[in-house]
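Okay, so here's the structure we're looking at.
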Amino acid sequence: MRVLRQIHARILTRVLPISTLSFALSKIAAFCALSPLGDIYYARRVFSLIPNQNIFSWNSMIRGCSLIENPSREPVYLFRKLVKRGYPCPNSFTFAFVLKACSIVTAFEEGRQIHTRCLRSGFGSSPFVQTALVNFYAKCEHIGLAKMAFDEIPERNSVAWSTMISGYVKVGLFNEALGLFREMQKAGVEPDGVTLVSMISACAGAGALDIGRWVHAYMEKQMIDANLELSTALVNMYARCGCIERAKEVFHEMPVKDTKVWSTMIVGLAVNGLSEDALEAFARMEEAKVKPNHVTFVGVLSACAHGGLVSEGWRYWSSMLESGIEPSMEHYGCMVDLLCRAGLVHEACNLVEDMAVPPDPVIWRTLLVGCKKNKMLDRGEIVAEQLLELEPLNAENYILLSNFYASVSQWEKKSQVRKKMKEKGIKAVPGCSSIEVDGFVHEFAMGDWSHPETEELAKILKDIAERVREFGHKPWISNVLHNVVDEEKESALDEHSERLAIAYGLLKTKAPAVIRIVKNLRVCWDCHEVTKIISKIYEREIIVRDRVRFHKFVNGTCSCRDFW
DNA sequence: ATAGGGTTAG
């Protein structure tokens, strides 16, 4: 920037033809706006001094303002100003840049209007604009609109496909992402490194280990360089598929490791129940002089929470504050979780009271779970009141409170909660589990019998139920409605989605293949018990990833040591 | 005379 300022000063001392001056200033403005070494304030000043600003300078400014650290809607305002002035005329670059800006700040309405204007101006057929539109709608989580924009692209290159695939990943539609990749291959478009990063993320989200392994092998076959992004995605994928050994291998082979991949590894170890290893990795990270950030500490603190390591948790909490990281909601969440799991609900409440910002629903929910586990009815009711006031339309809250009342035999209050839920027309998020078989991810919702192989599935489920009962297991019925007859209660538990997915795994795979399940909610106590028994009587290793962590069931025991 | 779309950790 120092040299640039000198050049700028020299230009101003000379008498130059206006077009030359304009060109020189526009180059200076572009550098200041776009280079990582630039200075957006300087760019704005130079831009305002350019005689006859042409479209190049406008485009640089629009793009530059969206590249800064905390982008605002400034690019959109610049664009509006440009349109209002009527000169110079926006081109396809302008639309691509401003749409990108809208995607960064998720300015949905603004982007929609720009889309309309773009079609009117005849730039709807530019492949760059088309891809920018797909990206914009996907980032705003309007995935249907993104898909419509994608479908309208006549010639799709790998960038267009990657955009749509990453869009699906962004909104959690992992199976759709995997399906689109198959289509991409059918269409004969070669995936590149960026496509594979999104694919690996999709596999991580879906728990699709076999496809993930395939992508890894494909990468090596095509000699696609394992760069930082790809390696990080792989570490994450293996860890989130319960293959922590493979995750470690990829991690150790990396020549350069940044904060993100260290954090990935730490979180991966933590969710796999390897708390000590996660803390050990954190120590190595410090030795390697890689600076931890707020995400790293989320991993470290959650490792402490899952391992029940209270004093360590406080120690890392202090060291986080010392290193100047402001505790975020998630950090408080980890600490509250840690304290509640250890039965220190009062301490958790004190911490929440000391928070500088108002607690979010996650914090209240964690506290409520803590109160439930420790049967603290009065405290729990106070917490529940806060939670329902903050989030009156979330079914999960009512179900949690209802189960809380059930666990302390407060049947009257329990039915009141259910009634309130019904009155408000709130529907529970259905439990959903998936399993990957032969390269396809099969999804099962609770009590859903729409799977094509439903008859065989029913047979296995019956077999499981009988053998589990013979084994001496008694379902814990207060977890379900108390006002139905006992038999019905048991069958409702039998139909929890993970049971269906496990049954499908038993049907479709043979020992010693591991049965890997991904669940969208946390496992209930009964399912946890039953899965332990299944692992023993069917002699199969079963790995369940629930919403928070892994359970590895082997020969009747679980890696979480019944602490989750 | 000048430039561009898709990617990694909670």
Side-chain angles (χ1 to χ4, degrees), chain A residues 19-20 22-31 33-34 54-64 66 91-100 103 123 126-136 138-139 146 149-150 153 156-170 184 189 191-202 204 224 226-237 239-240 247 250-251 254 257-268 270-271 285 290 292-303 328-331 333-334 362 548:
Chain A
S19 64
T20 311
S22 179
F23 180 69
L25 290 180
S26 83
K27 289 300 267 182
I28 291 176
F31 176 84
L34 301 175
N54 66 11
I55 195 63
F56 285 95
S57 337
W58 280 92
N59 290 350
S60 304
M61 289 310 295
I62 289 171
R63 193 155 86 98
S66 64
N91 59 17
S92 67
F93 290 79
T94 321
F95 282 103
F97 295 155
V98 74
L99 284 168
K100 164 83 181 182
S103 75
F123 291 109
S126 152
F128 289 92
V129 172
Q130 289 170 333
T131 313
L133 277 168
V134 175
N135 181 50
F136 159 70
K139 291 282 148 61
F150 176 76
I153 305 178
R156 294 166 205 152
N157 59 14
S158 68
V159 179
W161 285 98
S162 305
T163 309
M164 194 62 225
I165 290 172
S166 77
Y168 277 136
V169 174
K170 166 96 185 15
M184 177 180 179
V189 181
D192 60 17
V194 179
T195 322
L196 298 188
V197 170
S198 290
M199 272 302 291
I200 296 166
S201 304
I224 293 173
N227 58 22
L228 203 55
E229 286 89 350
L230 268 166
S231 302
T232 306
L234 283 172
V235 172
N236 182 46
M237 185 274 289
R240 303 236 294 141
V250 176
F251 179 75
M254 291 175 70
K257 302 182 181 79
D258 67 353
T259 302
K260 278 188 185 171
V261 74
W262 276 106
S263 307
T264 307
M265 194 68 245
I266 291 168
V267 171
V271 296
M285 178 181 181
V290 180
N293 66 10
H294 62 286
V295 181
T296 321
F297 278 102
V298 169
V300 168
L301 295 175
S302 71
S328 71
M329 206 58 87
E330 277 154 300
H331 297 124
C334 289
V362 178
V548 180

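Numbered from 1 within each chain, the chains take letters A, B, ... in sequence-line order.
- Nucleic acid contact for A:T195: base, since at least one base atom lies under 4.0 Å from a heavy atom of the residue.
- By the 30° and 60° cut-offs, the orientation of the rings of A:F123 relative to A:F95 is tilted.
- Across A:S60 and A:A33, no two heavy atoms sit closer than the pair O-CB, 3.8 Å.
- At a threshold of 4.0 angstrom between heavy atoms, the contacts of A:N293 include nucleobase atoms, whether or not backbone atoms are also involved.
- When heavy atoms are screened at a 4.0 angstrom cut-off, A:S158 is found touching base atoms of the nucleic acid.
- As judged by a 4.0 angstrom heavy-atom cut-off over every strand, A:S231 is placed among residues making no nucleic acid contact.
- Note on A:T163: only backbone sugar-phosphate atoms sit closer than 4.0 angstrom, heavy atoms only; bases stay farther off.
- Think of the region where chain A sits on DNA chain B: with heavy atoms and a 4.0 Å cut, that region ends 5' and 3' at B:dA1 to B:dG10.
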Under 3.5 Å, which donor-acceptor pairs do the side chains of residues 261-268 of chain A form with other protein atoms, sequence neighbours left out?
residue	atom	partner	partner atom	Å
A:S263	OG	A:T259	O	2.7
A:S263	OG	A:T296	OG1	3.0
A:T264	OG1	A:K260	O	2.7

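- Within 4.0 Å of A:N59, counting heavy atoms only, lies at least one base atom of the nucleic acid.
- In this structure, A:T264 reaches the sugar-phosphate backbone alone: every heavy-atom distance under 4.0 Å involves primed, P, OP1 or OP2 atoms, never a base.
- Counting non-hydrogen atoms under 4.0 angstrom, A:K170 reaches nothing in the nucleic acid.
- The two residues A:N91 and A:I55 come nearest to each other via the heavy atoms ND2-CG2, 3.7 Å.
- When the salt bridge (Lys or Arg N to Asp or Glu O under 4.0 Å) test is applied to A:K257, no partner is found at least two apart in sequence or on another chain.
- Within 4.0 Å of A:V267, counting heavy atoms only, lie sugar-phosphate atoms of the nucleic acid but no base atom.
- Within the 4.0 angstrom heavy-atom criterion, no nucleotide atom of any strand lies near A:N227.
- When heavy atoms are screened at a 4.0 angstrom cut-off, A:V298 is found touching the sugar-phosphate backbone but no base atom.
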Handout entry: Stepwise side chain to side chain contact (heavy atoms under 4.5 Å, CB included) test for A:L234 and A:M237
Key = CA-CA 5 Å; A:L234 283 172; A:M237 185 274 289; 4.0 Å; yes
Practice task
Kindly indicate, with the supporting measurements, whether the criterion side chain to side chain contact (heavy atoms under 4.5 Å, CB included) is fulfilled by A:T195 and A:M184.
Solution key: CA-CA 10 Å; A:T195 322; A:M184 177 180 179; 3.8 Å; yes
